[in-house]
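None of these values were measured; they are calculated from a predicted model. Residue numbers run from 1 in the order of the sequence given.
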Amino acid sequence: MPKGLTAVDRRHRRLKELQDTGQFEPVNKALQRVWEDGRRPDRVHLRLPLLLSRPEDPAPPLTQLLNPRGIALRFYLLAVFEAHCRLEPGEAWTSRRALTGRLGWSDFVAVDAAYSSQKGYLHDEVLQERDGQSCRVRQVQGALRTLEGVGGGGQALVQVPRNKNGARDYAAFSLMPEGGRGGTLTPDRYVLPEPGTTRAFSIPVDFFLQGWVQVLTPAEVATWLVLQLLSQAFPGKHAKWGVYLYANKREGYFRLKRDSYEDSCNALRSFGLIREPRLPESVVAAAQSLESASEGFSAKDFLKTIPLKEAPLGAPPKYEANRHHMSDEGLRKPALKACMQGLTFRRQRQRQRLMG
């Protein structure tokens, strides 16, 4: 079986495990409760240093957290979401939330405890040895260790204090800002962005409440965040032509590799979170009217000749990066169902290609 098809099948099986064990809905309800009991933000704000740095500087934290089986990036975003629900703008991070127990940090992550990455399938032995709660706790603890070590510690996104015996006190962790702890002995603490904060962008809260943060891979999350940033930095171009990245900017500033970026764009499109740019409705309507009034004129063929890009007249042909429109309305759909449907569609297409 081809490697790509195996990966899609494996991922579909993992998501089905989340569905079959009934773990996904309680996690969503826990996050919904945190939101309802708090400030109920419409959007969650993120500062640019999380995903953007100059080519001569260290890679941004985001692209150091792309381990496909890890939850470090997911946990950091969940902690930022929780801070938006609880803190006031300009307020520094403090938290007494427990690691376990009702609405503890481990209640906010959905993990497939019975999946074997080596064997590629679910098996009863793992179910007998590991329950979901203990697996979630271990995943959260592992995420905190990873976040504390970003950039060799110089870009740490959390600080975990030690007890007298030297063991980590995971529940007492402190959240660092998106660019890391800073270079001083006293680390920077996360502060909720004030309205109008520069060098920041925002994402809809449905990314968390509908479970997208649980089901997207770290590479897909990174790609989606970058496209969200571009769409907000260049709203006019996004509305008219879509947003895109050439290799020099993608690899130089965001440190996203081509294969990972393009695979993630394909996945996000199949899940309904991005789409290809569309011509204005007025242009489509005019072409359809012309078709009905002119014999032999095809609106469909004519519309294909209109470029979905901005280019000077007489410009020489050159490589054009794929352009994307954000489909934030897709975030309002239940993520697990939408993701499984998208993966089913991708599996069918791959099988059709194999069959010729």
Using only atom types and a distance under 3.5 Å, with no angle test, would you say the side chain of T197 pairs donor to acceptor with the backbone of A200?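 Checking the backbone N and O of A200 against the side chain of T197, no donor-acceptor pair under 3.5 Å is found.
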Sidechain-backbone polar pair: R275 side chain, G272 backbone, donor-acceptor under 3.5 Å: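 Not at all, since once roles are kept as given, no pair shorter than 3.5 Å links the two residues.
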[X] ring center near [Y] ring center (under 6.0 Å):
| X | Y | value |
| --- | --- | --- |
| F173 | W105 | yes |
| F208 | W35 | no |
| F234 | W241 | no |

For Q228 and D328, run side-chain hydrogen bond (donor to acceptor under 3.5 Å, both in side chains): C-alpha distance rounded to whole Å, both residues' side-chain angles, the deciding distance at 0.1 Å, then the answer. CA-CA 9 Å; Q228 282 283 352; D328 286 350; 2.8 Å; yes
How about [X] and [Y]: do any of their side-chain heavy atoms sit closer than 4.5 Å?
| X | Y | answer |
| --- | --- | --- |
| C339 | R11 | yes |
| R346 | H12 | no |
| L192 | E88 | no |
| P193 | P89 | no |
| F271 | W212 | yes |
| L51 | V226 | yes |
| R33 | K29 | no |

Between R97 and E82, does any NZ, NE, NH1 or NH2 come within less than 4.0 Å of an OD or OE carboxylate oxygen?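 Here E82 pairs with R97 in a salt bridge, since their nearest N and O are under 4.0 Å apart.
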Could you tell me whether E251 and R258 make a salt bridge, using a distance below 4.0 angstrom between a side-chain N and a carboxylate O?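 The answer is no: the pair does not qualify as a salt bridge.
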Closest heavy-atom pair and its distance - D188, G182: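 Shortest heavy-atom contact: OD2-CA, 3.9 Å.
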Looking at every non-hydrogen atom in both residues, tell me the closest pair between L65 and P218 and how far apart they are.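 Here L65 and P218 meet closest at O-CB, 3.6 Å.
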Partner of V243 by side-chain contact (heavy atoms from CB on, under 4.5 Å), out of H238, K237, Q232: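 Among H238, K237, Q232, the one that satisfies the side-chain contact (heavy atoms from CB on, under 4.5 Å) with V243 is H238.
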If you measure from [atom1] on [X] to [atom2] on [Y], what distance do you get to the nearest 0.5 Å?
| X | Y | atom1 | atom2 | value |
| --- | --- | --- | --- | --- |
| Y76 | L144 | OH | CG | 12.5 Å |
| W224 | L216 | CH2 | CG | 8.0 Å |
| L73 | T63 | CG | OG1 | 10.0 Å |
| T223 | R250 | OG1 | CZ | 9.5 Å |

Any side-chain donor-acceptor pair under 3.5 Å between R181 and Q159?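 No, Q159 and R181 have no side-chain donor paired with an acceptor closer than 3.5 Å.
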Mind checking side chain to side chain contact (heavy atoms under 4.5 Å, CB included) for R168 and listing every partner two or more places apart, or none if nothing turns up?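 Result, side chain to side chain contact (heavy atoms under 4.5 Å, CB included) vs R168: R145, E148, V160, R162, Y170.
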